[in-house]
Amino acid sequence: MNQDQLEHKLIPYVLTTARNLPFLDLEVDIGRPLEVLRVEDDQNGEFCSILNRSNQEAFGGPDSMGMPLWVMLDCAILPSAVIGFMLPRADTPPSILEKLDIDDDYEGFVPISEYCACPTVEADCVSGFSLHSHLMGQGIATRTKALALAIYKARFQVGVTQFYNPAIRVHVRFGAMEMTIHRPSVHTYPEDSFVYRLELPSREVLINMARGDDVFGQSNIPEGVRWEFDPNNEMMQGRLSRHLQEGGRAWLIPPGWRASDDGCELHMVLDA
Ligand SMILES: CC(C)(COP(=O)(O)OP(=O)(O)OC[C@H]1O[C@@H](n2cnc3c(N)ncnc32)[C@H](O)[C@@H]1OP(=O)(O)O)[C@@H](O)C(=O)NCCC(=O)NCCS
């Protein structure tokens with residue numbers, strides 16, 4: 001099945017608890033019906049366990065940043081929703097079935113992407129803590145994140161990512177990413193990580209992004225000095241850290257991240 005044929009088979013899902021349904025924007029129209037999966041329904045148990053395996057596979061397993069099953073329930077499904085795209089088993093590429101170790105007799109849907117964010121104490125702000133996609137390079141992660149943020153009705157998002165992660169190319173499509181904490185000490189990979197904050201595009205733009213019609217939301221590039229930041233360069237890391245400690249501000253701007261010969265480069269702006 002080619003990419004176009006697969007595209008028509010993608011089904012958006014919202015995995016949550018029944019009590020959350022009135023608080024989510026399920027009117028979001030991306031040209032195909034949203035499938036609501038209630039965690040209370042035992043028939044969704046196998047889907048949840050495949051989704052968790054999928055997350056574990058994408059994030060390096062339980063010893064790295066794979067999400068424990070209880071975190072998926074306590075921090076994603078109960079306070080919010082896990083949102084993504086899934087495929088009927090018969091239309092799922094065999095390589096994904098194998099990667100996710102799907103049982104031969106499983107006839108249900110197979111999750112191929114996922115985003116989850118939970119509410120924060122700040123109104124309209126969510127904390128995003130997982131994004132993955134198994135159909136890479138086809139815009140699925142961007143569409144997944146946009147769909148979820150629209151359904152959450154979020155206006156701001158905070159999150160943590162790693163300097164080396166190409167997912168920065170996805171996050172930066174939602175606006176200039178303001179770096180708020182450089183190398184947070186409280187993280188599995190503190191030296192590689194940073195905390196960022198996004199002011200999100202409008203609902204309309206998020207929906208267009210979720211449809212795949214818009215690749216980027218509108219984004220104002222903050223004024224300041226442009227900087228090609230090499231995370232392997234400790235002098236640059238030191239300068240960035242001092243800039244933030246002294247009250248300066250720093251943003252990642254599109255395209256955000258690119259692979260280089262010996263690592264990667266981040267596209268940044270520092271205020272004066
Ligand atoms: C990172 C990830 C979410 C991207 O998923 P995706 O569906 O391929 O993403 P999209 O197609 O929406 O966009 C991908 C963008 O990132 C780029 N990209 C994705 N993976 C890349 C890689 N390994 N190397 C270089 N660029 C990459 C794509 O080229 C594209 O950018 P472009 O269109 O401007 O060229 C996916 O690879 C993944 O699940 N990774 C493992 C989990 C993870 O690290 N999640 C991020 C947590 S912050």
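As the structure is a prediction and not an experimental result, all values here were calculated from the model. As the structure lists them, so they are numbered: ligands from 1, and atoms in each ligand from 1.
Around ligand 1, the residues contributing at least one heavy atom under 4.0 Å from the ligand are Ala58, Phe59, Leu131, His132, Ser133, Leu135, Met136, Gly137, Gln138, Gly139, Ile140, Ala141, Thr142, Thr161, Asn165, Pro166, Ala167, Arg169, Val170, His171, Arg173, Trp257.
Relative orientation of the Phe229 and Trp227 rings is perpendicular, given thresholds of 30° and 60° on the angle between their planes.
Looking at Thr144 and Glu114, their side chains never bring a donor and an acceptor atom within 3.5 Å of each other.
Closest non-hydrogen pair, Ala81 versus Val14, comes out as CB-CG1, 3.9 Å. Among all heavy-atom pairs drawn from Asp91 and Lys9, the shortest one is OD2-CD, 3.3 Å.
Of the possible polar contacts, one joining the Thr16 side chain to the Ser80 backbone as a donor-acceptor pair under 3.5 Å is found.
By the ring pair (Phe, Tyr, Trp, His ring centres under 6.0 Å) test, Phe194 is found to be paired with Phe163, residues two or more places apart in sequence or in another chain being considered.
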